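Side-chain atoms are counted along with the backbone in the values below, which use heavy atoms only and exclude waters and symmetry mates. On a predicted model such as this, the values are computed, not experimentally measured, just so you know. As the structure lists them, so they are numbered: ligands from 1, and atoms in each ligand from 1.
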Amino acid sequence: MSVLIYTESEGGKLKKAAFEVASYAKEIAQSLGTTVTAVAINVEDSSALGTYGVDKVLEVKNDALNNFNAKAYADVLAKAVAKEEAKVVVVSSSADSKYLAPLMAVKLDAGYVSNAVSLPESTAPFKVKRMAFTNKGFNITEITTDIKVIGLSSNAFGLKENTGAATSEAFEATIEGNLGVEVTAVDKATDKVSIADAEVVVSGGRGLKGPENWGMIEELADILGAATACSKPVSDMGWRPHSEHVGQTGKPVATNLYIAVGISGAIQHLAGINSSKVKVVVNSDPEAPFFKAADYGIVGDAFEVVPKLIEKLKEFKANNA
Ligand SMILES: Cc1cc2nc3c(=O)[nH]c(=O)nc-3n(C[C@H](O)[C@H](O)[C@H](O)COP(=O)(O)OP(=O)(O)OC[C@H]3O[C@@H](n4cnc5c(N)ncnc54)[C@H](O)[C@@H]3O)c2cc1C
């Protein structure tokens with residue numbers, strides 16, 4: 001019996017989510033007196049997983065799995081769960097994992113809790129705190145099945161390093177049946193830092209007046225090593241790519257720091273960023289709804305505030321180099 005995790009990767013490289021899921025699973029495994037087994041699908045080098053608490057990696061190498069396919073991945077994961085006799089399975093809350101986890105749960109006859117925000121409140125009965133109400137509240141959900149599937153909310157737990165090293169073994173999983181869909185072309189956004197992996201996001205709204213004014217948002221993001229994002233109308237108008245649209249109908253953002261510039265704070269925008277830890281809002285209207293959700297607010301013109309922020313951050317970096 002072990003705790004099993006799905007380690008997300010892109011182009012053969014493990015994503016940050018894989019290490020966070022590993023860190024979280026390690027603590028569950030310790031409380032259950034067991035170990036962590038990771039499933040790594042077409043990952044070039046999975047050795048770093050040991051640093052985050054993984055004891056064993058099942059290495060799956062199969063060209064048919066180069067592109068994510070929820071049905072095929074769920075099949076592989078379910079077979080790994082059976083092999084390891086795992087009772088707890090942890091995945092991230094990325095779009096892929098939210099697609100994969102329910103399929104896997106059905107195969108395993110398991111209860112699935114998405115958007116978990118902390119370690120289980122208890123393991124007998126197995127109770128998990130999760131985000132609810134479009135991330136504006138929490139609930140405690142008990143999983144009553146023998147096998148439990150948990151989707152961990154991004155950045156909710158963070159990375160915890162361990163001293164161990166993981167062993168690795170090849171795992172051959174034949175994929176059965178018609179997968180139904182096949183990726184025939186990939187058009188990838190060339191984000192410098194992807195929103196899903198970012199610790200910090202700098203986001204712009206319609207208050208920036210036009211695409212020609214995004215230079216200062218990009219510069220601020222560069223200094224902070226942040227990803228850039230935007231509100232829905234900004235991407236609808238073609239000022240920024242759709243891959244940057246965050247909110248209820250866009251990407252969810254669960255960063256350590258979210259800086260919103262010229263964004264009003266409509267409920268649909270907040271739904272996507274509520275789980276970010278610290279929110280900083282720059283808006284010229286003191287009545288903008290976003291200030292109610294902000295940890296720090298700057299009432300001012302973005303075209304004055306952002307250049308000053310950039311100047312101060314540059315000074316700070318130069319003095320602390
Ligand atoms: C079904 C549905 C789903 C939706 N999903 C999403 C979603 O996923 N994500 C999303 O973002 N929206 C979504 N929306 C749209 C949402 O309701 C808002 O219309 C949108 O978020 C507003 O974008 P905004 O804040 O950029 O623009 P605005 O509402 O126009 O706000 C611009 C803000 O900029 C400020 N401002 C103006 N000039 C300056 C300046 N010089 N300096 C500083 N501040 C300035 C203004 O005070 C204002 O607060 C959805 C709507 C619907 C109906």
Side-chain angles (χ1 to χ4, degrees), residues 93-99 114-115 131-137 151 153-155 189 191 193-198 200-221 223-224 226-313:
S93 284
S94 70
D96 282 354
S97 284
K98 278 191 170 162
Y99 190 5
S114 61
N115 295 326
M131 257 179 305
F133 312 112
T134 53
N135 300 343
K136 284 190 300 226
S153 188
S154 305
N155 289 326
D191 302 346
V193 183
S194 84
I195 292 175
D197 286 338
V200 181
V201 166
V202 181
S203 191
R206 204 150 45 179
L208 288 171
K209 320 288 184 215
E212 66 281 6
N213 296 323
W214 243 262
M216 62 182 187
I217 297 294
E218 282 173 340
E219 193 177 354
L220 181 58
I223 294 172
L224 294 168
T228 49
C230 67
S231 64
K232 183 174 183 293
V234 164
S235 66
D236 285 348
M237 289 183 293
W239 294 1
R240 298 297 291 177
H242 278 289
S243 58
E244 289 195 1
H245 157 203
V246 300
Q248 186 184 321
T249 47
K251 283 191 181 152
V253 172
T255 51
N256 289 331
L257 175 61
Y258 184 77
I259 303 177
V261 183
I263 302 179
S264 57
I267 191 163
Q268 297 90 354
H269 188 86
L270 296 180
I273 62 100
N274 268 333
S275 40
S276 288
K277 289 193 179 126
V278 177
K279 299 168 206 89
V280 176
V281 172
V282 180
N283 198 302
S284 52
D285 174 8
E287 302 299 322
F290 218 144
F291 285 121
K292 291 203 177 81
D295 297 284
Y296 299 94
I298 303 173
V299 179
D301 185 339
F303 299 96
E304 289 171 19
V305 174
V306 176
K308 277 190 189 146
L309 272 177
I310 292 171
E311 192 187 309
K312 287 287 168 201
L313 282 165

Close side-chain approach of [X] to [Y], heavy-atom, < 4.5 Å:
{"X": "Ile263", "Y": "Arg206", "answer": "no"}
{"X": "Ile273", "Y": "Val201", "answer": "no"}
{"X": "Asn213", "Y": "Trp239", "answer": "no"}
{"X": "Val261", "Y": "Val305", "answer": "no"}
{"X": "Ile310", "Y": "Leu220", "answer": "yes"}

Taking only heavy atoms of [X], which atoms of ligand 1 are found under 4.0 Å from at least one of them?
{"X": "Asp301", "value": "40 (C), 41 (N), 42 (N)"}
{"X": "Val246", "value": "7 (C), 8 (O), 9 (N), 10 (C), 11 (O)"}
{"X": "Gly300", "value": "42 (N), 43 (C)"}
{"X": "Gly205", "value": "26 (O)"}
{"X": "Phe303", "value": "41 (N)"}
{"X": "Gln248", "value": "7 (C), 8 (O)"}
{"X": "Gly250", "value": "8 (O)"}

Quiz prompt | Option of least heavy-atom distance to atom 48 (C) of ligand 1 (set: Leu270, Asn283, Asp285) | solution =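 Looking at heavy atoms only, Asn283 sits closest to atom 48 (C) of ligand 1.
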Quiz item: Rounded to the nearest 0.5 Å, how far does CG of Asp295 lie from OH of Tyr258?
Solution: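 Spacing of OH (Tyr258) from CG (Asp295) equals 13.5 Å.
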Other residues, nucleotides and ligands only: do more than 12 of their heavy atoms fall within 6.0 Å of [atom1] on [X]?
{"X": "Glu212", "atom1": "CD", "result": "yes"}
{"X": "Leu313", "atom1": "CG", "result": "yes"}
{"X": "Lys277", "atom1": "NZ", "result": "yes"}
{"X": "Phe303", "atom1": "CZ", "result": "yes"}

Among all protein heavy atoms in this structure, tell me which lies nearest to [atom], with the distance rounded to 0.1 Å.
{"atom": "atom 22 (C) of ligand 1", "answer": "Pro233 CG, 3.7 Å"}
{"atom": "atom 2 (C) of ligand 1", "answer": "Gln268 CG, 3.9 Å"}
{"atom": "atom 34 (O) of ligand 1", "answer": "Gly262 O, 3.0 Å"}
{"atom": "atom 11 (O) of ligand 1", "answer": "His269 ND1, 2.8 Å"}
{"atom": "atom 24 (P) of ligand 1", "answer": "Ser231 OG, 3.6 Å"}
{"atom": "atom 25 (O) of ligand 1", "answer": "Ser264 N, 2.7 Å"}
{"atom": "atom 44 (N) of ligand 1", "answer": "Ser284 N, 3.2 Å"}
{"atom": "atom 18 (C) of ligand 1", "answer": "Ala266 CB, 3.6 Å"}

Determine, using heavy atoms of [X] and all atoms of ligand 1, whether some pair is separated by less than 4.0 Å.
{"X": "Gly204", "answer": "no"}
{"X": "Ile267", "answer": "no"}
{"X": "Gly272", "answer": "no"}

Quiz item: Any non-hydrogen protein atom below 4.0 Å of atom 30 (O) of ligand 1?
Solution: yes
Quiz item: Regarding Asn274 and Lys279, is there a side-chain donor-to-acceptor distance under 3.5 Å anywhere?
Solution: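 Asn274 vs Lys279: no donor-acceptor pair found between side chains.
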Quiz item: Hey, are Glu244 and Ser235 close enough side-chain-wise for a donor-acceptor pair under 3.5 Å?
Solution: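 Judged by distance alone, the side chains do not pair up.
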Exercise. State whether the shortest distance between N or O atoms of Ala302 and N or O atoms of ligand 1 falls below 3.5 angstrom.
Key: yes
Practice problem: For Lys251 and Ser243, indicate whether the former's side chain and the latter's backbone hold a donor-acceptor pair under 3.5 Å. | Solution: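 Yes; judged by distance alone, with no hydrogens or angles, the pair exists.
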